Amino acid sequence: MNEFLKQLNPVQRQAVTTINGPIMVIAGPGSGKTRVLTFRIANLIHSGVPPHQVLALTFTNKAAREMKERIAKVIGEKARRVWAGTFHSIFSRILRMESEKLGYPPTFSIYDTEDSKTLIRDIIKTLGLEKNQYPAGAVLSRISNAKSNLITWKAYANNPELISRDQMDKRPAMHKIYKQYVTRCEKAGAMDFDDLLLMTFRLFYENKDNVVDKYRQKFTHLLVDEFQDTNFLQYAIIKRLSKYQGSPENICIVGDDAQSIYAFRGATISNILDFKKDFPTLQTFKLEQNYRSTPHIVGAANSVISHNAKQIKKKIWTEYDSGSKINLIKALSDTEEARRIAGSIVEQKNRYHYENKEIAILYRTNAQSRVFEEQLRRMNIPYKIYGGLSFYQRKEVKDLMAYLRLSVNQKDDEAFRRVINYPKRGIGKTTLDKLMTVANSEGVSAWEALDKDIFNARTTGLLRKFKEQIKKLSGAAKTTNAYDLANLAYKSSGMLSDLAADNSIEGMSRQENISALLDGIKEFIESDELITDLPGEQDKSISSYLQSVALITDFDEEKGDDDQVLLMSAHASKGLEFKSVFVVGLEENLFPSFMAKDSSSGMDEERRLFYVAITRAMEQLTLSYSNSRYQYGSMRFNEPSRFLAEIDAEHYLNPEVAHFDEPEQKMVSRVSGPQIQKRGPVKSYVGPPKDFKVSNPADIKDGMKVRHIRFGNGTVKGIEGKNENRVATIYFPDSENPEKKIMLKFAKLEILS
DNA sequence: GGCCAGTTTCTTTTT
DNA sequence: GAAACTGGCC
């Protein structure tokens, strides 16, 4: 047996060494999922599969990066030739080589969400629609959803269900916007994030020049991480590559339905069920042992997830037999919350000798990071924020990037719009409107409309000057490398002098950001990363740079040894682990998000997200909430999150802070009287029912009928442990998962007989 | 016709 | 709190 295989438990080893045929690994949190994936790839290569024939798809850049690093640790240099990356980055790489088969230039632009929204706003205006009725974000997500389900604008317009849905939402023109949006993206030689997948599917489906055969032969072994997060379209592509006449069906999917947190993006659990049908010879492996967290964390996770009705049966367990309980912090304001957590971090570092990077703060929305930043800075704790407004979304960075985009693709309307009057050239709204109107009516891009003779002499002159500038850049783009071009664009556009004129603190930081961007481009040119077997991979052109950067969300300066506390959204934390985790802002309308309030599926997804967040913790888990916080510019008062009450009290260090009323009182039947309790913002603890008498835990014996303050009536099925540590197994027939282990020391139980 | 400043609107999560 | 939008001034 290979040396590295000894590091696996029997199930893991089987999942790694079953080389041929379709396999599915259901992996609970902390069960060694990444280890299985990386070892599996290593084992494939050991068994003679050439690295460049392995395709491993992940969801986030972070996951892809980590996978590559870990493969390299096992098999070394060869790891670089494995095709590992996000769906979007791998497919955009392929599209870049094959784009002409789809009628796109290889230098096609990639529209980010902001570009897409701006375009949608413009379309709504052009169509003369009421913008309040058609919020750009909602329209985009509807279009995105359609694309993710392979519904073209034509199919959309002919689909009675979708049309009546839109009419009910008072947005009957949705399909028109969809059509316009697709047309205008095409005219601009641009793809949005969904297009990167959709066009790949089209490429493989239309199969011009048998292009799909090439990739089927090339990728003999497929691996898909976080399969529960794939949407219909992604699965369609995977299937296209791995299921066909004579296919070896060497495909391995890894996932956990309990960690599905991207349904909002179209991810669907039915992919797992379909997978079983599509690949009947499927072998399934379940990894349930948790190697990450101590018992109270695992216990809390299990009790939280048990509140979700639908799930593949599985219970994670751990061999660890001791560990801290969950600490709960209740604050009066968001500032206080942040201050106390910063204090708690200092304390934990002293007590447990944690390094900063072993500690993470997880929140529901990126906007929450701000207060934590302030407090951490105040206490001199180094920190790093993942996600949020990324480096590449800053105005000045996007501006320079827009020049670069225009230099390789002049039809890119969104880039055009962005820089036509930045820096100021006296080309204002009126001119741009006129230009766009002509462009739209002629079905061309704004750039092409520049040639129309419709402006007065002054404006014509200004436009010509702009055109000359871009032409110069585009000429340079063909001969110089990305770095030199970026420098040229920075100077010749006038951005340099515009920024240099601003000596404020913000102005200085904008200049620094541009320098950082330029450094990044330089690094891109000099690095020898991503050398694979296909042509175009050592491509150092600006176009290649733009492609790679469009899909990066965090500005990762690969300084892995930086010792900083990490701040990120719960979503971004998936797949990571930390000695100590703080999950903050546990309030109704925040976590769970108010957006999820109306649907039970939305609430289930929030709960899974909470499950993901708490299972990141190895040793310490701290939860916190605040009675008030600044949200959207004004003070809000939220009640404690329902999720806090879903964790069994035995797992809390300070359960008295955790005693909330259940949001719904379905388990505790009141004897009489109306339900009056309204959870006030300040005192959330509403005591037990009046007739409830807590019995002395020492008196509780096997076989007794008891009543629990939350779970209702039950029967004691057994008692383990001694004195302080007695744990009873109690059967509550009214509860969703009736059998509960309860630590008697904390339990509020009344003996009935 | 452009520019600026004050006003309104819309707030999740990711590629 | 930020970004989009509007109205009044040059």
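We name chains A, B, ... by the order of the sequence lines, and we start the count at 1 in each one. As the structure is a computational prediction, the values presented were derived from the model and not from experiment.
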Where does the angle between the aromatic ring planes of A/Tyr104 and A/Phe108 fall among parallel (under 30°), tilted (30 to 60°) and perpendicular (over 60°)? perpendicular

Considering only nitrogen or oxygen atoms on both sides, find all protein atoms under 3.5 Å from nucleotides 10-12 of chain B and state each distance.
from   : atom 1 : to       : atom 2 : distance (Å)
B/dT12 : O2     : A/Arg364 : NH1    : 2.7
B/dT12 : O2     : A/Arg364 : NH2    : 2.6

Please state how far atom [atom1] in [X] lies from atom [atom2] in [N], giving the value in whole angstrom units.
X        : N      : atom1 : atom2 : answer
A/Tyr386 : B/dT14 : OH    : P     : 13 Å
A/Lys429 : C/dG8  : NZ    : P     : 15 Å
A/Ile420 : B/dC3  : CD1   : C1'   : 17 Å
A/Met568 : B/dT13 : CE    : P     : 15 Å
A/Asn61  : B/dT15 : CG    : C1'   : 8 Å
A/Asp433 : B/dG2  : CG    : C1'   : 13 Å
A/Leu590 : B/dT13 : CG    : C1'   : 12 Å
A/Lys117 : B/dT14 : NZ    : C1'   : 12 Å

Side chain to side chain donor-acceptor pair (under 3.5 Å) partners for A/Asp229, two or more places apart: A/Lys574

List the residues meeting side chain to side chain donor-acceptor pair (under 3.5 Å) with A/Thr365, not counting sequence neighbours, and say none if there are none. A/Gln368

Donor-acceptor contact below 3.5 Å, side chain A/Asp169 vs main chain A/Arg171: no

Counting side-chain heavy atoms from C-beta on, which of [options] comes nearest to [X]?
X        : options               : value
A/Arg121 : C/dA4, B/dT15, B/dG1  : C/dA4
A/Leu551 : B/dT14, B/dT15, B/dC3 : B/dT15
A/Arg265 : B/dC3, C/dC5, B/dT15  : B/dT15

Please figure out whether A/Gly426 or A/Glu605 has its closest DNA chain B nucleotide nearer the 5' end. A/Gly426

Which comes earlier along DNA chain B counting from the 5' end, the contact point of A/Ala367 or that of A/Leu432, where each point is its nearest nucleotide? A/Leu432

Would you please say whether a donor-acceptor pair under 3.5 Å links the side chains of A/Asp334 and A/Ser626? no

For B/dT13 and C/dA4, measure between their C1' atoms and round to the nearest Å. 23 Å

Base, sugar-phosphate, or nothing: which does A/Phe59 touch, judged by heavy atoms less than 4.0 Å apart? sugar-phosphate

Residue-phosphate contact under 4.0 Å: A/Ser569 side-chain N/O, B/dT14 OP1/OP2: yes

How about CZ on A/Arg377, more than 12 heavy atoms from neighbouring residues, nucleotides or ligands closer than 6.0 Å, or not? yes

